[in-house]
Amino acid sequence: MTDERDAEAEERLHDVLSSDALAAAPLLLGAIVSRVGDDGERVAVRITEVEAYLGERDPGSHAFRGRTPRTAVMFGPGGHVYAYFSYGMHICLNVVCGVDGVASACLLRAGEVVEGADAARRRRLATRRARPGAPLRDRDLARGPANLAAALGVSLADSGLPIDRPPYSLELPDAPVDAASIVRGLRVGLSAPGGLDPFHWRFWIDGDPTVSAYTPHRTVREAGRSEL
DNA sequence: GTCGAGATTATCT
DNA sequence: GATAATCTCGACC
């Protein structure tokens with residue numbers, strides 16, 4: 001890639017990441033995120049599923065109840081990593097969006113490993129007990145947010161790192177994913193007091209086998225109409 | 001293919 | 001001490 005194209009891509013990336021998460025989320029589909037792990041191995045993932053979190057306006061967001069040491073990164077400028085710990089062993093990887101002072105982030109839920117599959121598999125097996133006779137399929141390497149983070153070797157200490165500087169990199173696709181093949185729906189794993197998460201802020205590439213199967217149809221059914 | 005239950009720990013109140 | 005942006009497995013269709 002020439003320097004000129006580099007500069008152009010960098011500017012485009014900056015534009016996307018400084019808009020709010022809801023606008024940025026569909027544009028991140030098809031992007032390639034990579035990270036060089038402590039073992040020196042680079043793993044790259046093509047993003048196929050994301051969720052948008054709008055901070056203080058969004059009851060589902062960690063930032064909803066204000067700024068805490070953990071969520072401080074989310075209130076910063078876009079283009080940084082927000083890594084958080086959830087449910088014991090799981091680390092999830094977010095890309096902070098928006099301008100400084102506004103909490104907004106995209107959770108990377110799933111992707112397809114396009115480079116470093118061996119390293120990704122090694123890391124997955126190291127963080128999870130492997131059962132004999134149940135090999136880890138390629139398509140499952142980065143399927144699910146915690147799995148994606150594990151494949152990339154994300155650690156909690158990564159919070160606050162720029163997403164487009166080593167050990168990370170982020171490249172948007174040459175052209176945005178066709179709107180016709182983008183599906184949106186309810187976010188996963190959220191419940192609001194007295195009801196379900198009301199926002200259809202989860203985006204994924206229709207039919208892609210690496211999109212997480214963890215999609216309770218019940219949630220979608222009971223949610224009724226879409227309001228966005 | 002869908003559905004339900006349990007595991008597990010950093011962070012906040 | 002309660003909570004949480006989840007995953008896996010086993011049971012069933």
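Chain letters run A, B, ... following the sequence lines, proteins first, then strands; residues in each count from 1.
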Point to revise | Rounded distance (Å) that lies between atom C1' of C:dA5 and atom CG of A:Leu22 | key: 16 Å
**Study point:** Partners meeting salt bridge (Lys or Arg N to Asp or Glu O under 4.0 Å) with A:Asp138 (sequence neighbours left out)
**Key:** A:Arg121
Point to revise | Full working for salt bridge (Lys or Arg N to Asp or Glu O under 4.0 Å) between A:Glu41 and A:Arg123 | key: CA-CA 11 Å; A:Glu41 303 260 19; A:Arg123 290 172 188 162; over 6 Å; no
Check your understanding: What residues, two or more places apart in sequence or in another chain, satisfy side-chain contact (heavy atoms from CB on, under 4.5 Å) together with A:Asp206?
Key -> A:Val183
Check your understanding: Could you state the CG-C1' distance from A:Asn147 to C:dC9, rounded to the nearest angstrom?
Key -> 14 Å
Protein-nucleotides 7-11 of chain B N/O pairs closer than 3.5 Å?
none

Check your understanding: Counting any heavy atom closer than 4.0 Å, what does A:Phe64 reach on the DNA or RNA strands: base, sugar-phosphate only, or nothing?
Key -> nothing
Practice item. Any pair with a residue in residues 77-98 of chain A that passes salt bridge (charged side-chain N to carboxylate O under 4.0 Å, His left out), sequence neighbours left out, goes on the list, sorted by first then second residue, please. Key: none
Point to revise | Base-pair map of DNA chain B as dot-bracket, where | denotes pairing with a different strand and pairs are Watson-Crick or G-U under 3.5 Å | key: |||||||.||||.
Check your understanding: C:dT6 C1' sits how many Å from A:His62 NE2, rounded?
Key -> 11 Å
Point to revise | Separation of C:dC7 P from A:Leu141 CG (nearest whole Å) | key: 14 Å
**Study point:** Whole-Å distance separating the CZ atom of A:Arg109 from the P atom of C:dA5
**Key:** 12 Å
Practice item. Can you tell me the distance, in whole Å, between the CG atom of A:Asp140 and the P atom of C:dT8? Key: 8 Å
Exercise for review: Supply the members, apart from A:Val114, of the Ile/Leu/Val/Met/Phe/Trp/Tyr cluster built from side-chain contacts under 4.5 Å; use none for a lone residue.
Suggested key: A:Ile32
Check your understanding: By side-chain contact (heavy atoms from CB on, under 4.5 Å), which residues pair with A:Arg65, not counting sequence neighbours?
Key -> none
Can you give the donor-acceptor pairs under 3.5 Å from side chains of residues 152-164 of chain A to other protein atoms, not counting sequence neighbours?
| residue | atom | partner | partner atom | Å |
| --- | --- | --- | --- | --- |
| A:Ser155 | OG | A:Ala157 | N | 3.2 |
| A:Asp158 | OD1 | A:Arg35 | NH2 | 3.4 |
| A:Asp158 | OD2 | A:Arg35 | NE | 2.9 |
| A:Asp158 | OD2 | A:Arg35 | NH2 | 3.2 |
| A:Asp158 | OD2 | A:Ser155 | N | 3.2 |
| A:Asp158 | OD2 | A:Tyr168 | OH | 2.7 |
| A:Ser159 | OG | A:Ala83 | N | 2.9 |
| A:Ser159 | OG | A:Ala83 | O | 3.1 |

Check your understanding: Is it true that A:Arg46 and A:Asp208 have a side-chain N and a carboxylate O under 4.0 angstrom from each other?
Key -> yes
**Study point:** Gap between atoms CG and P, on A:Leu108 and C:dT6 respectively (whole Å)
**Key:** 14 Å
Study note, to complete from the structure: Rounded to whole Å, CD of A:Glu56 lies from P of C:dA5 at a distance of 16 Å
Review point. Quick one: ring-ring contact (aromatic ring centres under 6.0 Å, His included) partners of A:Phe203, sequence neighbours excluded?
Key: none
